[in-house]
Structure formats: structure tokens, C-alpha cells
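Since the structure comes first, as C-alpha cells, the remarks are kept for the end.
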2 protein chains.
Amino acid sequence: MIYLMTESALVPEGSIPLDDGSAVLTGLHAQVLDLIGLAICAGELASGSVMRIEELEERYGVSRSVVREAIRVLASMGMVASRRRVGVQVLAASEWNLYDPQVIRWRLASPGRIAQLRSLTELRTAIEPEAARLAAIRAPLANASELMGLAGKLWAAGQANDAEGFLVLDIEFHRLVLSSSGNEMFAKLNTLVAEVLTGRTHYGLMPRHPHDEALQSHVDVASAIQRGNADDAHASMLGIMQRAFDEMSSIWEHGSPAA
Amino acid sequence: MIYLMTESALVPEGSIPLDDGSAVLTGLHAQVLDLIGLAICAGELASGSVMRIEELEERYGVSRSVVREAIRVLASMGMVASRRRVGVQVLAASEWNLYDPQVIRWRLASPGRIAQLRSLTELRTAIEPEAARLAAIRAPLANASELMGLAGKLWAAGQANDAEGFLVLDIEFHRLVLSSSGNEMFAKLNTLVAEVLTGRTHYGLMPRHPHDEALQSHVDVASAIQRGNADDAHASMLGIMQRAFDEMSSIWEHGSPAA
DNA sequence: GGGTTGAATACGTATGATTTATTAAGTAAC
DNA sequence: GTTACTTAATAAATCATACGTATTCAACCC
């Protein structure tokens, strides 16, 4: 039997994000959902295996309603399917909603996170240069100025070897580019990008010291957006992406971060 | 009070896709979820408005568990948040999981679908050329051959003015390119692309007769992938995307499909 | 006026009863 | 032996109800 935390008086139900990227799960429903989701993504509950509601009630020591609600959410994520007279069946990974923020977090917390970071980085290579191009065309002046400011601070944090500060600024920079694209679908990928940046930093897939060219490219992106030069913005962002991909590749092929 | 269909003996719980793209919703849970989700996307339930569980029970004539499970799913999609002593609050559209297939379907069924098709088409412009590039590098020979076959049939269907046949083949062509990219994140966008292609056809945002260049571009993409020429595959797919975007733009600016 | 207390409220959780779809075994007919 | 039909077992789906618990709001006191 797995014991779960009871409600605290401090926070509303659901998940409350913490500064370090983790979160407190309040409410039995959210906790059970998290445990089952993690177990599936980690492969502990293999594709095809079935479980009964009653079995889950006992395992987690919660009531039917809590389990059922968690199962419904997992079903809407394509992770399980529940069928009468059979039980709750774990579906193949090809069925999962890989763009669901919760699924992304579960997979990044599982073995196989490296392969996922590779997929996500490839996705970024397609998205972010195009977002930068659109931002150069559509971004309000205020956003462009803020991007310039962020690029400056990012440069400073890189020079000062301030890894944590760098990460926060980097996330904010890319978030602002995505939202400045004026396209809701691009903007929605900001959580995905933030998870990738956090993940590659925490799992040692970044060079210990950011390369000067990477820092300069961020300035170039911001400057191109401010000038309204779409092609330059695209090219500079593409440079950032390719460098990020190469850095990750070389590190996971050689084992440890380069200097 | 809204009356819902009772279970039929023909199909399992959940949603069963139909040939025409629609689906039968079996199970009270799925029906209630669909009704509320649609109402929110259509703007009938405005952002910020609150409803009580009991109120929803009465409106749909179902029990508490059914309503609660639907609400939990909507909460995981970022569409509502339920807070004690307040009720269930509809969240702003900026919080919704726009990549959830169900959310995409609800939004395409709502007014404002044109704006969404525009966003989605812009997203395709970023994704599909890159997917074609990767497919040229990674696609198994069998996939490349199948793409060539599809491109041929697509060309024939276009010449024959067979709109329905064209749509089916077009969906299959783009699905195969995405999955041949070898990237799970790209592959997962096949439902999104299928929805866009279906939507723009059914809402009259396609030219009545496919342009010859568009048909030729599909052949070019398939051929480039088979030759392993990444840059050509990228360029040809980009051509398809830009033409699609321009066609949609000109139609919704002038009102009716061009010849 | 500001902080504290307390009651009202609506969600959260637990549980038992009942219904319904589905599977699989058993049976009869061919 | 295979097919078709019937029946029983099973587990999810639904309903109904009770109780627990956080949050809000207002009355109250200092």
C-alpha cells in the first residue's frame, strides 16, 4: 500500500509549480494520477497490461472515485483504455498525447529521457526559427525591446558562468519569441521548450560554459526581430538550434559535458 | 434538461470514429464531456464564468460521478479549474491544451474555426518541410516507394476532380511523410494535419480543382525522399505549404473558392 | 480600521447498490 | 468438428448518499 499526503491548508487543489520546476501535488486525485502516469511512462506498467479498478484502489489506498477520475484523465491522454469485463489496459506509446505537458514531464522523469530530449530538440529546430521569422514581422515594439534586454542579460549571465540565472533568462527569451510570433500554436510550445531547457541543463547535456557564438546568436535574433528582418531572425535562431543539437549529440556520445 | 443517448450494444465505451470523420460517443461520460467542451470552445460558456457540479448534473440529467469525471478531464486540458467553495471556473483560451486532438476538434466545430485553420496551417508550414527533410534522410525504402505510389494516385484523383478521393489520399500522403521522419513528435501531428485537410475541404477553403503545380509538388516531395535528397524534399514541401496558405488566404478574403 | 472568529458553501473523498456491456463457457443443431 | 445460439460470470459504468475539508465572506471584537 502506498501512503499519500492528505490535503494541506496552504494550496488549492491541483498542482502548484515550484521555483525549481517541480511541483506539489495537492489532492489525492492528482497524486494517484501522477503515480500511475509515471509508472506507465517509466515502463513499469507495460503496454498491453491490464489492471482492475479495485486493484488500484487497494494499491494506493484510495476510493473508487479517486481512481476512476485518474483513469479518465489517463484515457483522455491516450495512455489507457478501459473496457467492460476486461479492465483498464495500458496503451502503446504511439497512442499517447506526446504534447500534453504532463506527459512530457512524466517522460522526462523516466529512463529514455535522452531519446525524448532528442525528439523535442528536433521539434524545436522546426518550430523556433519559423517563430522568430514571424516575430520579426509581427512583434510589437515593446516585445522587441524586451528581447534585446533579455539577450543582453543572457550574455552577461553566460560570461559570469551563472548557470541558474542563464537558464531562467534563456527560458524567458525563447518564451517571448514564441509568443511574439502571434501564433497561438507556437506560443503554446513555451512549456515544452522550458522543459527541454531545464532538462538538458539538469541532466548535464549543456557545455559547462555557454559558447560565445551561442550568446551572440541570441543577440542577433533579438536584433533581427527589432529591425523586422525576418530572414536574419530565422537564420540566427536556426543557428542556435543546430548548435544546441550538436552539443547534446556530442555529449551523449562521449559521455560527459565538454568544457 | 438535455437528454443523452443510452449505451448501444454495438460499440465499446469511448468514441468510435466514423468513415466521414465524425464519431459516435458512447457512454454518458464522453457525451457530457463533449457537450461541455464544445460549449466552452464555442464561447457559450465564457472565460471566467463559473458553474456548480449540481447545476451540471441537472442540466444533463446525469449523476455526480459522470459530471465530476468530465470536469476532471476538462481540467487536465486546461479548460476549467475547480476550486472549493467557488465552483468550476472556465479558464481563458490561453490556458487550453491546443494540441489535444479533442480540443482541436471542438475548436474546428466552433465559430472562429477560420482563425484556427490559419494558425494550424502556419504550424504546418514550420513542421512539414522539416519532416520531409528528415524523411529523405531516414525513410525506409518501402515508405519511399509507397509515397511515390500515393503521389501518383493523388495526381490522378486531382485530374479526375475526385474531391473525396483526393482528400483521403492527401491525408495518407502527409501522414506517411510525418511518420517517415522518424520523429515521434512529428508523427503525432498526423491527426492535426488530417483535421486541417478535412476542415479546409469541408469549409470550402480549397480551390475547386487542385492546381497542377500542387500535384506536381507532391510527386517532387516523394521523389526527393526516395532519392534521399533532403534539401529538395524540404523545398518542395515548403512549396506545398505556401501554396495552401495562399489559397486559404485568398479565399477567406474574397469570400468564395476560386476555380 | 484591521484582524480574528465562525458559519455557510461547494468541492473532495468514501462507499454501497444497481445496471449494463462484454467475454467466455456451455449447449444444441448441422 | 464446426457453427450458431444461449446463458452465466465479470468488471466497468452509473446512481445515490453520506461525510470530510478547504475556502470564502461576513459578523464581530479589539
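Note that this is a predicted model, so its numbers are computed, not measured. Basis for what follows: all heavy atoms, side chains included, without hydrogens, waters or symmetry-related copies. Chain letters run A, B, ... following the sequence lines, proteins first, then strands; residues in each count from 1.
- Distance CG (B:Leu28) to P (D:dA13): 11 Å, rounded to an integer number of Å.
- Here the nucleotide nearest the side chain of B:Arg68, chosen from C:dA14, C:dG12, D:dT14, is C:dG12.
- In this structure, B:Ser63 does not reach the D:dT14 phosphate: none of its side-chain N or O atoms is under 4.0 Å from OP1 or OP2.
- Paired with B:Glu195 under the rule side-chain hydrogen bond (donor to acceptor under 3.5 Å, both in side chains), one option of B:Arg200, B:Gln116, B:Arg105, B:Arg107 passes, and it is B:Arg105.
- In this entry the distance linking CG of A:Leu56 with P of D:dA12 reads 9 Å, nearest Å.
- Counting only heavy atoms from C-beta on, B:Arg85 has its side chain closest to D:dA22 among C:dT13, D:dA11, D:dA22.
- An OP1 or OP2 oxygen of C:dA10 is reached within less than 4.0 angstrom by no side-chain nitrogen or oxygen of B:Ser82.
- The phosphate of C:dG16 (OP1 or OP2) has no side-chain N or O of A:Arg64 nearer than 4.0 angstrom.
- Protein atom CD1 of A:Ile53 is 12 Å distant from nucleotide atom P of D:dA11, rounded to whole Å.
- Atoms CZ and OG, on B:Phe186 and B:Ser180 in that order, are 13.0 Å from each other to the nearest 0.5 Å.
- Atom CG of A:Leu33 is separated from atom C1' of C:dG12 by 15 Å (rounded to the nearest Å).
- Atom CZ in A:Arg83 sits about 14 Å away from atom P in D:dA11, given to the nearest Å.
- Contact of A:Ser65 with C:dA14 (side chain to base): a donor-acceptor pair of N or O atoms is detected under 3.5 Å.
- In terms of polar N and O atoms assigned as donor or acceptor, the side chain of B:Arg72 never comes within less than 3.5 Å of the base of C:dG12 in a complementary pairing.
- Per the geometry, CD belonging to A:Glu57 stands 13 Å off P belonging to D:dA13, to the nearest Å.
- Ion pairing between a basic and an acidic side chain is recognised when a charged N comes within 4.0 Å of a carboxylate O; A:Lys188 and B:Asp100 show no such pairing.
- Taking atom CD of A:Glu54 as the reference point, atom C1' of C:dG16 lies 13 Å away to the nearest angstrom.
- A salt bridge links B:Arg175 with B:Glu172: at least one charged nitrogen is closer than 4.0 Å to a carboxylate oxygen.
- Within the structure, every side-chain polar atom (N or O) of B:Arg84 is placed at least 4.0 Å from both OP1 and OP2 of C:dT9.
- Here the CG-CG distance, from B:Leu176 to B:Asn143, works out to 5.0 Å after rounding to the nearest 0.5 Å.
- Whole-Å rounding puts the B:Gln31 CD to D:dT14 C1' distance at 13 Å.
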